[in-house]
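So the structure is just underneath, and the comments pick up after that.
All residue numbers refer to positions in the sequence shown, counting from 1.
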Amino acid sequence: MKSGSKRTVCDTQAYTMITMLTIGHRALAGVCISLGLCLPAEAGHYVVSYSGGSVTTTGTNPICGRTLSYSTNPQTGWYGGSGTAGVCIDPPPVPGSGTVVCQGVVTMTFTWIKDAPEDLEEPPGSVIVKKTSTASWAGDGGTAANGLGDPALPLSGFTQTSTGVKWVAINEPGLVFSLTIDPAASCTFELGGSSGMNSGSAGVSVKAESFPIRIQFAGTTEMNGPSILIGQRLVSTVVGIPGEVLDDDPSIEPNDSYTWEEPPGRPFLDYRPDLMPTTFQAWVDPGAPSMEAYFSSALDPDKKVQDSVQYTVRCVVQLPKFGLTLHPKREVKVHRPIYEYSTGNGGGEPRIGSMYLLRRLPNNLYVVDETNPEWFKLWGQPPPVPHLPGYKVGAAVRLQVLEPTGFGPEVGQWNYTQKGWLKFHLKDAAGNSFHNTDWGIEGLDGSFPYPQDGGPWPAGATHRMWVDSPGVNVAPSPYEWWDMRDRFWLYVFYKPPGSDSRWVPIVVHPWLCGGLAVKGASSWTASNQDSAFLAKGHYPWPLPMWNRFLDGTQITSGAPPP
């Protein structure tokens, strides 16, 4: 070692400088984890590997002239290389002049690894990568550029370091993706030169850390992937964003923002058909890291009903602090209950009769009586399950709702109800017209569930039978001409297990009945005896609402509304 005023900046000191920077960045990452800002992978993570770059040294000592590839430090995870000029690593340490050049594009390859072989988690929709790079030199002269655009700052008169961090957002990263960085460092050293050092050094060191950005679900059942029943509450939350990239000054615009795409499956925030009036909250974008939704249908893109449909929940996250835009997404399977109305003894297809003039007998039996009728009524169909000999109804259907398999021992409930509107047009003997005051106004037919035997029942193998026989009393009455046009919507509802679940309609049977009854000199006649079940519809939308009950009992004079 030289004596006098000469400084001693050797290979060991340069290595210590680079190591110090490396440890500093590792401590920063450790804070991120200890504060809970970087969530661990749920079912997978990215492993990074490096390639590229080399160190070339030259010197007066022949053993200093060589080129080595960059390598990874297995203890710290950093990748790079460094070299010395003037004092070789190989003994004996002979002083001498020389150069060091560190150069070459470094490729960082990220490969998705499942945390366990049985994990089903696919790569995330987005990932944030933190690239850290340092380039340094010490000697009589040199250059340093970390590849991220940070300037080289002097640590002393004859040493410089360029160090920095860059955050990158990758959307749709897939199983494998790559990034590059191009750091470079070089130095020159002259024995007895102006630096007064015994040697010169140069080195680069890079590291990449990945943060998968996921949508985390609450309320789902893991069944070959996250699954949920229609009517169950789903909470979706964006997780995994490191705290370092979040905007920590909300007073400065723009701030971090979350924009949720409306999920498929006809989502809503709340729906209470068991209240009068019905309450409903449509789905809205909360503009927050978490989003809530209930699904009211399970339809594929072709509007076909399936046992389950896979939907994608998406969000766009803007992080202006580092100009990052993320597109996290996640798949969820939405399952439906199984609705049947055509199985069981007696069949379950809807049955509907016609309008008849009837007289009532004991046990709620009727006979046709056109001379002295009491009712103009929908009638004539034996129900799917016999009740009494000769017992007939106006309309009937046998119903059943089965629980999907795989969701545990709890079962949901189901019921039925209907809404409708009534149109009565009447005339007396003098030809004066009258009509019901709620002409064509929709209302709930009795209650939710349907009066008497509308449920609710546990989903399962038991069938239930719905019957209805709308009509009007024609005797005693001042009216001698009745025109009746009624329309109804029979809804079957399902409520899945769970305290936060909601009733949702799974099917609707529209149907109508009507006809004309005229009193003659000695008897009544019935005509236009129209009645029909229309095409069944799955997952009614908009969801049915009611703010009044269906009664149609009040009559007012004048022509009916158009």
Side-chain angles (χ1 to χ4, degrees), residues 219-221 227-234 261-274 278-284 292-313 331-343 348-350 397 399-405 407 411-420 442 444-445 448-450 454-457 459 464 466 487-498 500-511 533-546:
T220 56
T221 298
S227 298
I228 200 166
L229 290 163
I230 62 170
Q232 284 186 329
R233 179 170 170 260
L234 175 71
E261 180 180 298
E262 181 174 344
R266 295 172 176 174
F268 62 92
L269 282 181
D270 197 19
Y271 176 53
R272 291 294 303 272
D274 51 333
T278 312
T279 63
F280 172 76
Q281 284 183 273
W283 182 90
V284 295
E292 297 182 13
Y294 291 90
F295 297 97
S296 65
S297 71
L299 294 171
D300 69 6
D302 295 327
K303 306 301 182 185
K304 295 179 181 178
V305 179
Q306 299 183 160
D307 291 343
S308 66
V309 178
Q310 186 162 283
Y311 292 145
T312 303
V313 178
E331 310 293 333
V332 60
K333 285 186 178 179
V334 179
H335 296 248
R336 71 174 180 97
I338 308 303
Y339 169 70
E340 296 182 353
Y341 67 102
S342 58
T343 61
E349 290 290 342
V397 61
L399 309 173
Q400 182 185 29
V401 175
L402 302 173
E403 190 80 0
T405 59
F407 283 89
V411 297
Q413 298 176 297
W414 70 281
N415 67 29
Y416 63 78
T417 193
Q418 72 176 1
K419 71 175 182 178
E442 290 183 1
L444 180 64
D445 191 6
F448 181 95
Y450 199 65
W457 308 285
R464 296 290 174 175
W466 165 87
R487 185 154 190 166
F488 301 94
W489 292 265
L490 170 63
Y491 292 96
V492 179
F493 278 81
Y494 170 74
K495 184 179 182 182
D500 292 327
S501 296
R502 293 291 184 266
W503 287 105
V504 289
I506 57 177
V507 72
V508 58
H509 290 276
W511 64 284
F533 266 90
L534 307 179
K536 174 180 87 274
H538 286 278
Y539 307 122
W541 190 262
L543 298 176
M545 307 284 288
W546 32 80

Sub-4.5 Å side-chain heavy-atom contact between V504 and Y539: no

Within-4.5 Å side-chain heavy-atom neighbours: S297 and H538: no

Sub-4.5 Å side-chain heavy-atom contact between R487 and L534: yes

Donor-acceptor contact below 3.5 Å, side chain S501 vs main chain P496: yes

Approximate separation, where rounding is to 0.5 Å, of W511 CH2 and F488 CZ: 5.0 Å

Distance, nearest 0.5 Å, that separates CG of L399 from CH2 of W466: 8.5 Å

E442 side chain to W489 side chain, donor-acceptor N/O pair below 3.5 angstrom: no

Atom pair CG (N415) and OH (Y450), whose distance is rounded to the nearest 0.5 Å: 13.0 Å

Contact check, side chains of W414 and I506, non-hydrogen atoms, under 4.5 Å: no

Spacing of E403 atom CD and Y494 atom OH [to the nearest 0.5 Å]: 3.5 Å

Listed partners of Y271 passing ring pair (Phe, Tyr, Trp, His ring centres under 6.0 Å), at least two apart: none

pair V309-L299: side-chain heavy atoms closer than 4.5 Å: no

Validation row: L229, P497 side chains within 4.5 angstrom (heavy atoms): yes

Flag, side chain of T221 to backbone of F407, donor-acceptor distance under 3.5 Å: no

pair S308-S227: side-chain heavy atoms closer than 4.5 Å: no

Centroid separation Y416 to W457 less than 6.0 Å: yes

Backbone of I228 reached by a side-chain donor or acceptor of T220 within 3.5 Å: no

Pairwise distance CG(L543) to CH2(W503) - rounded to 0.5 angstrom: 14.5 Å

